[in-house]
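Letters go in sequence order (proteins before strands), and every chain restarts at 1.
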2 protein chains.
Amino acid sequence: MSTRVRIADVAAAAGVSTATVSRTLSSPGIVGEETRARVMAAVAATGYRINAAARDLRRQQPRAILVLAPNLANTFFSRIIAAIQDVAGQAGLAVQISDSRAGTDMLETMVQGGRADGIVLLDGALRPEMVRNWKLPVIQLCEWNDDYALPGLQIDNAAAARVAVNHLGDLGHTRILHVAGPSENVLSHARRAGFEDAMAARGLSPEIHQGGFTIEAGAAAAHAWANIADRPTAVFTASDECAFGFISECYRLGFKVPRDVSVIGFDDVDFAGHFLPPLTTIHQPRARLGRQAAERLVSALQSGTPLGAGYDQIPPHLVIRSSTSACSASKRTAEQSLRT
Amino acid sequence: MSTRVRIADVAAAAGVSTATVSRTLSSPGIVGEETRARVMAAVAATGYRINAAARDLRRQQPRAILVLAPNLANTFFSRIIAAIQDVAGQAGLAVQISDSRAGTDMLETMVQGGRADGIVLLDGALRPEMVRNWKLPVIQLCEWNDDYALPGLQIDNAAAARVAVNHLGDLGHTRILHVAGPSENVLSHARRAGFEDAMAARGLSPEIHQGGFTIEAGAAAAHAWANIADRPTAVFTASDECAFGFISECYRLGFKVPRDVSVIGFDDVDFAGHFLPPLTTIHQPRARLGRQAAERLVSALQSGTPLGAGYDQIPPHLVIRSSTSACSASKRTAEQSLRT
DNA sequence: CAGCCTCCTGTAATCGATTACATCAGCGTC
DNA sequence: GACGCTGATGTAATCGATTACAGGAGGCTG
């Protein structure tokens, strides 16, 4: 808590001017070798740490990027953020992470307060008037919102849903239920649209249960599914969590996966491969998404050119594990399942 | 990207001095009512946002707290961080989240760069020389390290392990295996020590498998367990993730839980109650931990008094679900299990 | 009406680092 | 030796907000 060391203290200790210290630290090449050594020694001796506020104020450039995520609770974001940190770190930029739902005021202060040069936005549900008003370069990642009129990057969610349907169709399933995500979410819409397309293309009639991304939503969907007289033989859920909830509840109700119902998730979270049964799911290359978004933002920042417009879409990849299997022509009832 | 609005612009628009604008924004009570209205209108009209760097530099107080977590990948931290954000927000403090493993340099800049007033540290494995050198108030949360000589808050990990052992003991288990966490981790040590204590107190001999916190570690432990000739009938794992991995692998090897082995986890993550079987585990009150730590830090910051020393320990709470059951006197072998 | 107090507002110094510009030493060239 | 050039360093203005201090208007008291 002692008074902080200022650049002037280092300068005094090294017997040079503050300008020289500053130059030694930011562009070592232009100071004499001997001077540089003396300054470095003084820095070490005094334990000097640059004052970020002063530097940012003068430079008018905080050299940081801000990551806004709607819910840090979501395991999903962690790896993305790690990748962003990686790219940013290489470029000498700091990374700040903030909850995009922390309240408008706090958010505006973070964004407009001059603490960041650019933003990676993982939330598509903020007020468009607010987002459009931001004066910093922003890139949307994973989620998006056309009303923001911003560039973005995501996997091709609709195509992913089509791949899922085709996998199930190829296994012989004709009655496929989609447990859709929250109705207000863009990802839900895209996945649902892709599902409907693919079903139509195969001449099948889509069945949809309005669900959510959570375990609870999946469990509820399992009950709804179990109550259908002529039950669909396959389910495509809006997220892995939802699939976990669905499958767990199925077992509790006496059904088995994939024997009684095949299930495909979405995201390929860490746990998906270890679940019982290991979950067939759409893989989201989280490290790649984070890296690519960060690279695009960083290069725009460094070159001073604005970010291009439009969305980059990464083609989907289905990871086939054991929660899906061929549709058995002879269907068993739940009662039979229980007996085994 | 247009030139940012400065306080002088607002002052000009409102026909007052910059001092008045500043006062209107920070202590509205001391400016005249009419003036205040004019200033507020000008602020709205110009879209003025305070420049954080300038304010911080002048105030010598960023009004922010920094949360350092070793791995944002861990779902575990999310709820803690949300609680911290809540408390901090009420006190008018911003919250910054950073990866404590992002690299020494970046870390030092975050910590010593004057961007934060205080720190919540969720990592006990940083270099003590570095941490001890920090000039800000720091409170350790969940993990801790005696070498830091800092105050902290955590659940009573040793007591928790004792509770787990006693629960299993009361169910009639006498052969209990502990799948310990990473050897270098404090939590692992405390839980292991509590395990050994409780076993000794019951006159049982502790069996320990050196594992880890991950799903993979749990799966590996399941193999090790299966290879023991006279298998323990109960397992206490170092984390829920580890328990999930253990149980999943058990099923894959043909064993059932809790029929063939009772399992207790640690943390009570969101998924624990939805797992198959629902997991008996030690509950960590994450919101409470976050809130309490933040409150202690914030009140120290506001009053200017240093944080007290010493650790606060929260008593453990065991959530009993279905992964534990009474030890069946007549043990079945894996072969028999497979047949059923 | 002088004197004083209160309430509000303006002036200007200040926080700490950066950097344009000035300065100076040393060297080579004509 | 005068001149110009290069490379290293110092001087001082600057970024934008805060706030100590000064000042002025208006009201109240004696």
Side-chain angles (χ1 to χ4, degrees), chain A residues 2-40 42-43 46-64 92 94 109 112-117 135, chain B residues 2-40 42-43 46-64 92 94 109 112-117 135:
Chain A
S2 58
T3 346
R4 294 182 43 92
V5 182
R6 292 182 309 280
I7 201 170
D9 302 324
V10 179
V16 299
S17 73
T18 61
T20 301
V21 176
S22 176
R23 281 190 283 251
T24 307
L25 263 25
S26 51
S27 28
I30 65 169
V31 294
E33 191 159 343
E34 193 223 353
T35 316
R36 192 193 321 156
R38 230 171 41 240
V39 170
M40 293 312 253
V43 167
T46 53
Y48 172 70
R49 284 281 149 187
I50 203 162
N51 181 307
R55 172 165 46 62
D56 293 352
L57 174 59
R58 177 58 226 233
R59 281 209 188 142
Q60 299 289 68
Q61 210 190 61
R63 313 219 177 200
T109 325
Q112 314 252 39
R115 281 193 210 255
D117 300 302
K135 310 230 177 352
Chain B
S2 58
T3 346
R4 293 182 45 92
V5 182
R6 291 182 309 282
I7 200 170
D9 303 323
V10 179
V16 297
S17 73
T18 61
T20 300
V21 176
S22 175
R23 280 189 285 252
T24 307
L25 262 26
S26 52
S27 27
I30 65 169
V31 295
E33 191 159 343
E34 193 224 352
T35 315
R36 190 193 325 155
R38 226 171 43 240
V39 171
M40 293 312 252
V43 167
T46 52
Y48 172 69
R49 285 281 148 187
I50 203 164
N51 181 307
R55 170 163 49 57
D56 293 353
L57 173 59
R58 176 60 226 228
R59 281 206 187 146
Q60 299 290 68
Q61 209 190 60
R63 311 218 179 199
T109 325
Q112 313 252 39
R115 281 193 210 255
D117 299 303
K135 309 229 179 349

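As judged by a 4.0 angstrom heavy-atom cut-off over every strand, Val16(B) is placed among residues touching the sugar-phosphate backbone only. Backbone-only engagement by Thr20(A) is indicated by non-hydrogen atom pairs under 4.0 Å involving sugar-phosphate atoms exclusively.
Heavy-atom distances to DNA chain C give each of Thr18(B) and Gln60(B) a nearest nucleotide, and the one nearer the 5′ end belongs to Thr18(B). Along DNA chain C, the nucleotide nearest Glu33(B) and the nucleotide nearest Arg59(B) are compared for position; the residue whose nucleotide lies closer to the 5' end is Glu33(B).
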Distance-only donor-acceptor hits, side chain of residues 7-18 of chain A, under 3.5 Å, sequence neighbours excluded:
| residue | atom | partner | partner atom | Å |
| --- | --- | --- | --- | --- |
| Asp9(A) | OD2 | Arg6(A) | N | 2.8 |
| Ser17(A) | OG | Ala19(A) | N | 3.4 |
| Ser17(A) | OG | Thr20(A) | N | 3.4 |
| Ser17(A) | OG | Thr20(A) | OG1 | 3.3 |

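Residue pairs meeting the side-chain hydrogen bond (donor to acceptor under 3.5 Å, both in side chains) criterion with at least one partner in residues 22-31 of chain B, sequence neighbours excluded, do not occur; the list is empty. For the side-chain hydrogen bond (donor to acceptor under 3.5 Å, both in side chains) condition, the pairs that include at least one residue of residues 47-57 of chain A, sequence neighbours left out, are Asp56(A)-Arg115(B).
Taking the salt bridge (Lys or Arg N to Asp or Glu O under 4.0 Å) definition, one finds that Arg36(A) meets it with nothing, sequence neighbours left out. Residues passing the salt bridge (Lys or Arg N to Asp or Glu O under 4.0 Å) test with Asp117(A), sequence neighbours excluded: none. In this structure Glu34(A) satisfies the salt bridge (Lys or Arg N to Asp or Glu O under 4.0 Å) test together with Arg38(A), sequence neighbours excluded. Here Ala94(B) pairs with Ala64(B) under the side-chain contact (heavy atoms from CB on, under 4.5 Å) rule; sequence neighbours left out. Partners of Arg63(A) by side chain to side chain donor-acceptor pair (under 3.5 Å), not counting sequence neighbours, listed by chain and number: Gln61(A).
Near DNA chain C, meaning a heavy atom under 4.0 Å away, the residues from residues 23-32 of chain B are Arg23(B), Val31(B), Gly32(B).
Two end axes, each from the C1' atoms of five base pairs, can be drawn for the helix from dC1(C)-dG30(D) to dC30(C)-dG1(D); they diverge by 60°, to 10 degrees.
Read 5' to 3', the first and last nucleotides of DNA chain D with an atom closer than 4.0 Å to a heavy atom of chain B are dG16(D) to dA20(D).
Side-chain contact between Val39(A) and Val31(A) is absent, with no heavy-atom pair separated by less than 4.5 Å.
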